[in-house]
Amino acid sequence: MDFDALDHERYMERALELAREAADRGDEPFGSLLVRDGEVVMEARNAVSTADDLRRHPELTLAQRAASEFTPAECAETVMYTSTEPCPMCSGGIHIAGLGAVVYSVSAERAGELTGGDLAVPSTEILDRGRRDVEVVGPVLPEAGADVHRDYW
């Protein structure tokens with residue numbers, strides 16, 4: 001994977017669009033997508049409220065789908081772009097799925113400040129452990145990501 005050649009801002013703009021779409025339909029503003037070989041291969045929006053399922057974070061949804069639809073080698077070549085740094089649950093799913101990297105817009109700490117939440121655990125606490133590390137990059141377009149949260153909360 002030529003991670004440095006990817007247009008992080010372009011993919012992050014799409015993740016932020018997905019987050020706004022989630023908010024527009026009544027879910028909290030989180031959106032994510034998977035990129036492999038420079039192509040978007042999957043997208044997801046938060047659906048916790050509309051699906052009445054606390055597992056429907058977009059990051060966990062995509063990690064589960066990637067693990068079941070891609071080979072381990074394909075997962076390792078896949079980058080997740082997500083509007084907000086993944087929570088501990090989602091980070092665990094990303095690690096287990098074996099995704100190659102995560103790029104986020106709003107850090108967990110900043111998201112906690114913007115939402116009044118208290119679960120500001122950096123994803124690296126989970127993704128930089130075990131038999132292989134998952135590269136974590138961010139923030140990318142942090143002010144645009146913060147705007148999505150400010151508009152919702």
Side-chain angles (χ1 to χ4, degrees), residues 1-23 27-36 40-49 53-67 70 72 74-153:
M1 163 179 35
D2 189 2
F3 183 72
D4 294 328
L6 294 172
D7 185 348
H8 300 310
E9 290 187 359
R10 178 173 70 106
Y11 298 121
M12 189 57 66
E13 287 170 354
R14 180 61 184 148
L16 295 173
E17 287 174 17
L18 292 165
R20 287 191 187 280
E21 290 171 12
D27 287 293
E28 291 179 351
F30 301 102
S32 306
L33 56 113
L34 296 180
V35 174
R36 190 174 60 248
V40 175
V41 294
M42 288 183 194
E43 297 182 337
R45 294 160 201 79
N46 187 17
V48 170
S49 295
D53 184 346
L54 64 87
R55 300 168 299 171
R56 296 292 299 272
H57 293 203
E59 302 93 340
L60 188 60
T61 298
L62 291 177
Q64 184 278 321
R65 285 188 59 203
F70 300 158
E74 289 171 328
C75 284
E77 293 294 317
T78 301
V79 178
M80 177 179 288
Y81 287 84
T82 188
S83 59
T84 305
E85 186 172 8
C87 73
M89 174 179 72
C90 294
S91 295
I94 291 164
H95 188 271
I96 291 166
L99 298 182
V102 173
V103 180
Y104 65 83
S105 175
V106 177
S107 71
E109 180 180 5
R110 182 71 175 125
E113 294 168 2
L114 292 164
T115 66
D118 60 358
L119 193 59
V121 177
S123 59
T124 54
E125 291 290 319
I126 296 165
L127 295 174
D128 286 350
R129 298 174 180 262
R131 56 183 188 261
R132 61 179 267 326
D133 292 345
V134 177
E135 186 168 2
V136 178
V137 175
V140 172
L141 300 178
E143 284 310 307
D147 287 344
V148 172
H149 285 290
R150 278 192 284 270
D151 291 347
Y152 179 82
W153 303 100

With a 4.5 Å cut-off on side-chain heavy atoms, are P139 and Y104 touching? yes
Please determine which of V35, V140, V79 meets the side-chain contact (heavy atoms from CB on, under 4.5 Å) test together with Y11. V35
So does S107 get a backbone contact from the side chain of E85, meaning a donor-acceptor N/O pair under 3.5 Å? no
Heavy-atom closest pair (P29 atom, A23 atom, distance to 0.1 Å) is CB-CB, 4.0 Å
Inter-residue atom distance L6.CG - R36.CZ, 0.5 Å rounding: 12.5 Å
Side chain to side chain contact (heavy atoms under 4.5 Å, CB included) partners for D4, two or more places apart: D2
Any side-chain heavy atom of E28 sitting closer than 4.5 Å to one from W153? yes
For C75 and A66, which heavy atoms make the closest approach, and how far apart are they? SG-O, 3.5 Å
Looking only at heavy atoms, which two atoms of I94 and A63 are closest? And how far apart? N-CB, 3.9 Å
How far does CD of E9 sit from OH of Y81, to the nearest 0.5 angstrom? 10.5 Å
Value rounded to 0.5 Å, distance of NE2 in H57 from CG in L62: 13.0 Å
Please name the pair of heavy atoms, one in V121 and one in A108, separated by the smallest distance, quoted to 0.1 Å. O-CB, 3.6 Å
From OG (S91) to CD (E59), nearest 0.5 Å: 8.0 Å
Residue pair L60 / G93: nearest heavy atoms and the distance that separates them: CD1-CA, 4.0 Å
Using a strict threshold of under 4.0 Å (side-chain N to carboxylate O), is an ion pair present between E21 and R14? yes
Under the criterion ring-ring contact (aromatic ring centres under 6.0 Å, His included), I'd like the reasoning laid out for H8 against F3: C-alpha separation, chi angles, the key distance, then a yes or no. CA-CA 9 Å; H8 300 310; F3 183 72; 4.8 Å; yes
Does A22 offer a backbone N or O that forms a donor-acceptor pair with the side chain of N46 under 3.5 Å? no
List for me each residue that meets salt bridge (charged side-chain N to carboxylate O under 4.0 Å, His left out) alongside E109, sequence neighbours excluded, and say none if there are none. none
Using a strict cut-off of less than 4.0 Å between a Lys/Arg side-chain nitrogen and an Asp/Glu carboxylate oxygen, indicate whether R56 and D27 qualify as a salt bridge. no
Measuring only between side-chain heavy atoms, which start at C-beta, is P86 closer than 4.5 Å to V102? yes
Which distance, rounded to the nearest 0.5 Å, do you find between the CZ of R20 and the OH of Y152? 13.0 Å
For the CE atom of M80 and the CG atom of L34, what is their distance to the nearest 0.5 Å? 5.0 Å
If you compare all heavy atoms of D128 against all heavy atoms of V134, which two are closest, and at what distance to 0.1 Å? OD1-O, 3.5 Å
Presence of salt bridge, R150 and E143, under 4.0 angstrom: yes
For a quick check under 3.5 Å, do T82 and S32 share a side-chain donor-acceptor pair by atom type? yes
Do other residues, nucleotides or ligands put more than 12 heavy atoms under 6.0 Å from R55 CZ? no
For T84, side chain to side chain contact (heavy atoms under 4.5 Å, CB included) partners two or more places apart: F30, V106, A111, H149
Look at the side chain of S105 and the backbone N and O of L141, then say whether any donor-acceptor pair between them is shorter than 3.5 Å. yes
Lys/Arg N to Asp/Glu carboxylate O, E113 vs R110, below 4.0 Å: yes
